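Order of the sequence lines sets the chain letters (A, B, ...), proteins ahead of strands, with each chain counted from 1. Model, not experiment: these values are computed from the prediction. Just the heavy atoms: all of them, side chains too, but no hydrogens, waters or symmetry mates, feed the values below.
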Protein chains: 2
Amino acid sequence: MTRVLVVDDDPQLLRALKINLAARGYTVLTALDGTRALHVAAHQHPDVIVLDLGLPDLDGTDVITGLRGWSTIPIIVLSARTDSGDKVEALDAGADDYVTKPFGMDELLARLRAAVRRASTDPTGNEPVVHAGALDIDLAAKQVARDGEVVHLTPTEWGILELLVRHQGRLVSQRQLLTEVWGPRYQTETHYLRVYLAQLRRKLEPDASHPRHLITEPGMGYRFKP
Amino acid sequence: MTRVLVVDDDPQLLRALKINLAARGYTVLTALDGTRALHVAAHQHPDVIVLDLGLPDLDGTDVITGLRGWSTIPIIVLSARTDSGDKVEALDAGADDYVTKPFGMDELLARLRAAVRRASTDPTGNEPVVHAGALDIDLAAKQVARDGEVVHLTPTEWGILELLVRHQGRLVSQRQLLTEVWGPRYQTETHYLRVYLAQLRRKLEPDASHPRHLITEPGMGYRFKP
DNA sequence: ACTGGTCTTGACGCTTTCTTAACGGCCCTG
DNA sequence: CAGGGCCGTTAAGAAAGCGTCAAGACCAGT
């Protein structure tokens with residue numbers, strides 16, 4: 001049974017969605033504001049989230065980034081605002097889809113099915129700890145240990161490491177690193193990568209000048225070698 | 001570089017999209033109808049497809065199902081019809097997103113980024129590893145091994161090899177190699193090919209002077225023989 | 001307002017990669 | 001068999017990319 005978390009501060013709409021989704025066989029969880037949404041998402045592990053942007057407590061994009069910090073659950077954003085700036089912002093923050101109110105219920109359901117279908121072919125979600133040499137990288141806990149000692153990483157450092165580790169062995173292009181860690185507008189700031197890769201190597205590699213795990217492929221990108 | 005296939009029968013819109021996408025650093029492939037779209041998708045392996053539903057030859061959903069038969073490439077549907085029935089149909093056929101015309105270019109770009117982001121974090125990398133003699137060519141990892149030993153390639157070398165391997169067995173013209181690896185303005189610089197093919201053979205072939213995989217077809221182009 | 005941590009930015013030397021040139025071999029044609 | 005394409009090989013200078021260090025900007029918590 002697919003579990004949907006619906007986040008909306010409008011009780012009427014919430015109720016309508018709940019009825020419709022339940023009628024289609026979904027299990028429905030609900031939250032009235034962003035804080036509770038994050039809480040429910042963390043504890044109930046829904047399969048997909050329908051998120052209204054106009055929440056009383058938190059900004060919509062903050063909810064998205066809060067979720068994306070630890071999860072890849074598909075997020076479908078609902079909003080009354082047709083402004084394309086909002087859409088861009090939400091999508092770049094990590095939303096999977098954006099539906100403008102008023103919307104047809106069958107359209108929302110179709111988008112929901114599309115989101116769930118995609119997620120179900122994606123076996124990401126149960127790969128908690130990656131070991132590589134003296135490194136233990138816990139993706140769920142967002143923590144790295146070197147020789148058993150926990151190493152502190154900044155958010156940006158972690159973002160880079162996580163992306164590389166999730167694609168371990170594969171080449172990750174500079175462009176992808178920049179868009180996913182900094183955002184699509186930073187695609188050309190390759191300098192950042194050099195600075196941060198040097199920092200990561202200093203923290204994680206036995207010999208920073210001869211890296212064994214964080215490999216540079218000149219002109220192409222970087223690669224995490226286990 | 002992300003490769004986008006744009007399918008539209010309206011030359012004007014096609015041109016506008018091409019310019020905008022190219023300006024954002026995408027490599028743009030185009031097709032004017034469904035048949036050609038399926039052909040290009042199969043042979044050029046784009047990273048994402050933007051598909052207009054109003055095509056002259058095939059029904060939009062047929063194009064989607066045709067693609068979904070063998071590929072999980074993200075598909076963003078474009079349509080003038082706001083009818084929610086069409087959306088449901090397209091999404092259930094396997095489309096990833098549905099954008100109604102007229103649309104804002106920045107919104108489309110954001111949805112494009114979202115689709116590419118999802119696909120890239122999805123390790124359903126159905127890019128195969130191609131074996132040829134002592135060579136193992138991993139297209140997803142962008143890595144080649146010879147007798148199990150990883151061989152380092154420069155970006156240009158990899159670009160040539162990848163193109164040839166993706167068209168394995170078939171002849172790839174010099175013109176195509178030059179335009180895809182160096183850019184359309186280098187179509188006459190056939191000399192580059194000689195230099196780089198020699199380098200590739202030295203790195204990959206058992207006997208560089210009697211190549212078994214990287215075959216020259218004099219006056220025509222090159223061919224990768226598995 | 002101060003502090004500590006983090007992110008951005010600039011400068012420099014070094015390495016890798018690209019471009020270009022020169023030369024010799026092969027094969028077809030006249 | 002002479003000449004002109006076309007191809008392969010090698011090498012060296014030019015250009016682009018990389019690693020490193022460090023200073024200033026920014027931001028949140030005290």
Side-chain angles (χ1 to χ4, degrees), chain A residues 59 62 65-66 69 142 144 150-162 164 171-175 177-178 180-183 185-223, chain B residues 1 25 142 144 150-162 164 171-175 177-183 185-223:
Chain A
D59 184 58
D62 294 341
T65 46
K142 290 196 181 300
V144 201
V150 171
V151 179
H152 173 75
L153 296 188
T154 72
T156 308
E157 287 164 2
W158 174 261
I160 294 168
L161 184 66
E162 177 174 358
L164 290 175
L171 176 72
V172 182
S173 70
Q174 316 184 25
R175 177 182 224 92
L177 277 162
L178 288 164
E180 300 220 10
V181 177
W182 278 269
R185 280 179 294 196
Y186 291 76
Q187 285 188 136
T188 57
E189 303 285 347
T190 57
H191 188 77
Y192 290 6
L193 292 176
R194 290 199 280 282
V195 174
Y196 274 93
L197 263 295
Q199 269 173 26
L200 275 173
R201 291 205 258 248
R202 204 159 352 108
K203 288 185 177 181
L204 302 178
E205 292 278 3
D207 177 4
S209 54
H210 299 91
R212 305 186 51 215
H213 305 297
L214 298 164
I215 311 296
T216 302
E217 301 278 0
M220 305 214 274
Y222 294 85
R223 184 194 305 276
Chain B
M1 187 128 320
K142 290 196 192 298
V144 200
V150 171
V151 179
H152 176 78
L153 297 187
T154 73
T156 309
E157 288 164 1
W158 174 260
I160 295 168
L161 183 67
E162 179 173 359
L164 290 175
L171 175 70
V172 181
S173 71
Q174 311 187 359
R175 175 189 222 87
L177 276 163
L178 288 165
T179 51
E180 299 224 6
V181 177
W182 277 270
R185 281 182 294 196
Y186 291 74
Q187 287 188 137
T188 57
E189 303 284 352
T190 57
H191 187 78
Y192 289 6
L193 292 176
R194 289 199 278 283
V195 174
Y196 275 94
L197 263 294
Q199 266 173 29
L200 274 173
R201 286 182 185 135
R202 192 150 17 96
K203 288 186 176 181
L204 301 178
E205 292 278 4
D207 177 3
S209 54
H210 298 91
R212 305 186 52 217
H213 306 297
L214 298 163
I215 312 296
T216 303
E217 301 281 359
M220 314 258 292
Y222 294 85
R223 181 196 306 277

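- To the nearest 0.5 Å, the span separating CE on B/M220 from CG on B/L171 amounts to 5.0 Å.
- Taken from CD in A/Q199 to OG1 in A/T156, the straight-line distance is 9.0 Å, to the nearest 0.5 Å.
- At whole-Å resolution of the value, CG in A/L193 and P in D/dT20 are 14 Å apart.
- For the pair B/H210 NE2 and D/dG8 P, the computed distance is 13 Å after rounding to whole Å.
- D/dC18 atom P lies 16 Å from atom CG of A/L200, rounded to whole Å.
- One atom, NE2 of A/H191, and another, P of D/dT20, lie 12 Å apart when rounded to the nearest Å.
- For B/E189 and D/dC6, the CD to C1' distance is 16 Å, given to the nearest whole Å.
- Candidate nucleotides C/dT17, D/dG8, C/dA11 were compared by shortest atom distance to the side chain of B/P155, and C/dT17 ranks first.
- Taking atom CD of B/E205 as the reference point, atom P of D/dG8 lies 12 Å away to the nearest angstrom.
- One finds a side-chain N or O of B/R194 lying less than 4.0 angstrom from the OP1 or OP2 phosphate oxygen of D/dC7.
- Atom CZ of B/R212 has 12 or fewer heavy atoms from other residues, nucleotides or ligands within 6.0 Å.
- Partner of A/T216 under the side chain to side chain donor-acceptor pair (under 3.5 Å) criterion, out of A/R194, A/R201, A/R223: A/R201 alone.
- Between the CZ atom of B/R175 and the C1' atom of D/dC6 there is a distance of 18 Å, given to the nearest Å.
- Regarding contacts with the backbone of C/dT19, a side-chain N or O of B/W182 is found under 4.0 angstrom from either OP1 or OP2.
- Phosphate proximity of C/dC18 to B/T156: present, with a side-chain N or O under 4.0 Å from OP1 or OP2.
- For the pair A/L153/A/L200, a side-chain contact is recorded, criterion being any heavy-atom separation below 4.5 Å from C-beta on.
- Taking 4.0 angstrom as the limit, A/H152 places a side-chain polar atom (N or O) nearer than this to OP1 or OP2 of C/dT6.
- For B/Y192 and C/dA21, the shortest distance from a side-chain N or O to OP1 or OP2 is not below 4.0 Å.
- Taking atom CG of A/L197 as the reference point, atom C1' of D/dC18 lies 10 Å away to the nearest angstrom.
- OP1 and OP2 of C/dC7 both lie 4.0 Å or more from every side-chain N or O belonging to A/Q199.
- The side chain of A/T154 places an N or O atom within less than 4.0 Å of a non-bridging phosphate oxygen (OP1 or OP2) of C/dC7.
- Here the side chain of B/V195 is nearest to one of D/dC7, D/dG19, C/dT20, namely C/dT20.
- Phosphate proximity of D/dC7 to B/Q174: present, with a side-chain N or O under 4.0 Å from OP1 or OP2.
- Under the 30°/60° scheme for interplanar angles, the aromatic rings of A/Y196 and A/W182 are found to stand perpendicular.
- Phosphate contact (OP1/OP2 of D/dG8, side-chain N/O of B/Y196, threshold under 4.0 Å): absent.
- Phosphate contact (OP1/OP2 of D/dG19, side-chain N/O of A/R201, threshold under 4.0 Å): present.
- Between B/R202 and D/dG8, a side-chain N or O to OP1/OP2 separation shorter than 4.0 Å is absent.
- Distances shorter than 4.0 Å separate some side-chain N or O of A/T216 from OP1 or OP2 on D/dG19.
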